[in-house]
There are 2 protein chains.
Amino acid sequence: MDTTDTMDALETRELRYFLTVAEELHFGRAAQRLGMAQPPLSRAVQRLERRLGVRLLERDRRGVELTGAGEMLLHEGRAALDATTAAARRTRRAGGAAGPGGPGGPRSHLVLAVKAGASHELLHKLLDAYAAEPDAAEIEVLPSGTCEQEGMLRDGRADAALMHKPFNSLTGFDSEELMTEGQIAVLPARHPLAARGSLSMADVSDVPGLPLARWSRHGTFPPGPGPEIHDQTQLAQLIALGRTVAVYPDSARAWLWAEHAAVPLTDAPPVVTHLAWPAHSRSLALAGLIRTATGL
Amino acid sequence: MDTTDTMDALETRELRYFLTVAEELHFGRAAQRLGMAQPPLSRAVQRLERRLGVRLLERDRRGVELTGAGEMLLHEGRAALDATTAAARRTRRAGGAAGPGGPGGPRSHLVLAVKAGASHELLHKLLDAYAAEPDAAEIEVLPSGTCEQEGMLRDGRADAALMHKPFNSLTGFDSEELMTEGQIAVLPARHPLAARGSLSMADVSDVPGLPLARWSRHGTFPPGPGPEIHDQTQLAQLIALGRTVAVYPDSARAWLWAEHAAVPLTDAPPVVTHLAWPAHSRSLALAGLIRTATGL
DNA sequence: GCGCTCTCATACCGGGCGGGTATCAGCGAG
DNA sequence: CTCGCTGATACCCGCCCGGTATGAGAGCGC
């Protein structure tokens, strides 16, 4: 039928190779990350370019640059690779759990990704309510790092996630709104601002001596004067020591220390907590969780 | 970092093999469709099962059955394979179109999938308006079969699509609402009902002698008394001959024949036309099209 | 200017895997 | 009982993947 369709497979391995090179922009480092030698890597990427009939990288003796097509493959390919590893992971998980008779429904074990420490009370209620359901599956709670739930959902490490608009993007997922809450400023209890009944974003965004902390993103930090932090405990301690201030959703009151003070912010955007899941999901257990969540 | 990640690749080829077998539920036919012999296929699927550590198929001497895990891989894997071929297709298309300087923006050529004959006027306005934009890319209009736009968007044959709620599902895509319209009954002009000023769904759903036509879905037809049709022209002709009746959005008036009559339906669900595109898309040209569409 | 180094590409080689043909093994039908 | 149909196994060949050794062009220091 199609004469042009000879051997244009885009194998997973090649895709992984290209993505690594595209991220590192350096064949040697990429090969190291992949646990292989550099020459086979170069050849594999060349072969990929031949197969696609497209130049992906501009090698100019001094590092590597992405072409337009390379940029396209970097984005599209990452999504494709995530989908592939997600398929493998979910299939593995579904493996031990075939129903007693017939083809059997999808697995009876769900992984729920939650930003560590966030929406604690809501999560508690959700888990309790779901556990009370007659055919409840086991739910494994997977604490995720800062805004990492999206990747976990995309590559199959999780089946569902609690996401927080506007911090997380919900594009590509189905979701159900669960809760809306305001935000608070978390201040050192002894700070003058802690005595105020309410604050505006302007009040806290530029307090002398209290710069906003900078969160680690994949090991690097955004520029700025604030302290560098990796997790919530570090942040909490720095606040308690009077070194920084933070803006959090209302539900963060659950983990405040004695040395902390919480003051409502009048003009902060409201935070909406959603339950999100892959758009095409067909799991029975997931459907039950969604039903429970919407009934809260 | 991850110690468990030893050789669990899920190669594209294996995935394609498994999906074919899972669809055919027959190794011989699957091998034929794949253009290869049966023994290597069996081995490939076995190897895949070993790799995943999961039984995917229950072979019982009389055909093949999917296990729970197999069903999971059928769904997740199809999405993954679609994403992979989409990545390849879009990268190829982006190939010839690198910008003049720097890494170059993504391609300047868009493929827009449209259900053949639907929303003709809206499409016309959209194309005209977009063509008037200063940096307009070339737009290729890809007519699709019944509700096939979804697959086209998913596997990269198209970059955007006009979709019609509630007929198309928008899950997994980003979209922008363009138009809402009522629905009409398309009747033979000589039929008694054609004289009425308006109708209800009940009026047309069970008219003696005018059974609703049955559309082809991948070569098969739903059961029922109505005539079997493959495209709109066949339907139009059958209506003109007084053999059937159809329910269509208002904009279908554009292609009505002289022997047709259109009568508004009072209780039909409104049809909402959306412009939809892959959730993670970053194309400049697509962004321009979206901007144009929302400004209509 | 020469060599050093850093980059990626090429040359060659061995082992493993993908694919083909031939054949076996269960199970149902005639 | 035999035939036909299913998928599984045995064996073989050629290619591709990956490794090591080496080449080639560009900046840089002496």
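So that the names make sense, note that chain A is the first sequence line, chain B the second, and so on, each numbered from 1.
Listed by chain and residue number, Thr12(A) satisfy the side-chain hydrogen bond (donor to acceptor under 3.5 Å, both in side chains) test with Thr12(B) (two or more places apart in sequence, or in another chain). Looking at residues two or more places apart in sequence or on another chain, you find no salt bridge (charged side-chain N to carboxylate O under 4.0 Å, His left out) involving Arg43(A). Under the salt bridge (charged side-chain N to carboxylate O under 4.0 Å, His left out) criterion, Glu14(A) pairs with Arg47(A), Arg51(A), not counting sequence neighbours. Checked against side-chain hydrogen bond (donor to acceptor under 3.5 Å, both in side chains), Gln32(A) has no partners two or more places apart in sequence or in another chain. Checked against side-chain hydrogen bond (donor to acceptor under 3.5 Å, both in side chains), Glu49(B) has the following partners two or more places apart in sequence or in another chain: Arg59(B). Residues forming a side-chain hydrogen bond (donor to acceptor under 3.5 Å, both in side chains) with Ser42(B) (at least two apart in sequence, or on another chain): Gln38(B).
Going from atom CD of Glu49(A) over to atom P of dC8(C) covers 13 Å, rounded to whole Å. For the pair Arg59(B) CZ and dC27(C) P, the computed distance is 16 Å after rounding to whole Å. Atom-to-atom, CD of Glu58(A) to C1' of dT7(C) comes out at 15 Å; the value is rounded to the nearest Å. In this entry the distance linking CD of Glu65(A) with C1' of dT7(C) reads 15 Å, nearest Å. Taking atom CE on Met36(B) and atom C1' on dC17(C), their separation rounds to 12 Å, with Å as the unit. Look at CG on Leu41(A): it is 13 Å from C1' on dA9(C), rounded to the nearest Å. Between Glu14(A) atom CD and dG18(D) atom C1' there is a gap of 14 Å when expressed in whole angstrom units.
The nucleotide whose nearest atom lies closest to any side-chain atom of Ala37(A) is, among dG19(C), dC8(C), dT20(D), dT20(D).
Legend: side-chain hydrogen bond (donor to acceptor under 3.5 Å, both in side chains) pairs involving residues 15-25 of chain B, not counting sequence neighbours, sorted by first then second residue: Glu23(B)-Arg33(B), Glu23(B)-Arg78(B), Glu24(B)-Arg29(B), Glu24(B)-Arg33(B).
Classification of Glu133(B) and Arg291(B) as a salt-bridged pair holds, one side-chain N sitting under 4.0 Å from a carboxylate O.
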Expected rows: protein N/O vs nucleotides 9-16 of chain D N/O, under 3.5 Å:
from, atom 1, to, atom 2, distance (Å)
dT9(D), OP2, Gln46(B), NE2, 3.4

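Residue Val64(A) is the one, among Val64(A) and Gly35(B), whose nearest nucleotide of DNA chain C lies closer to the 5' end (criterion: closest heavy atom).
Under the 3.5 Å distance criterion, with hydrogens and angles disregarded, no donor-acceptor pair is assigned to the side chains of Ser283(A) and Ser281(A).
Taking a 4.0 Å limit (strictly below) on heavy-atom distances, residues 16-29 of chain B reaches DNA chain D at His26(B), Phe27(B), Gly28(B).
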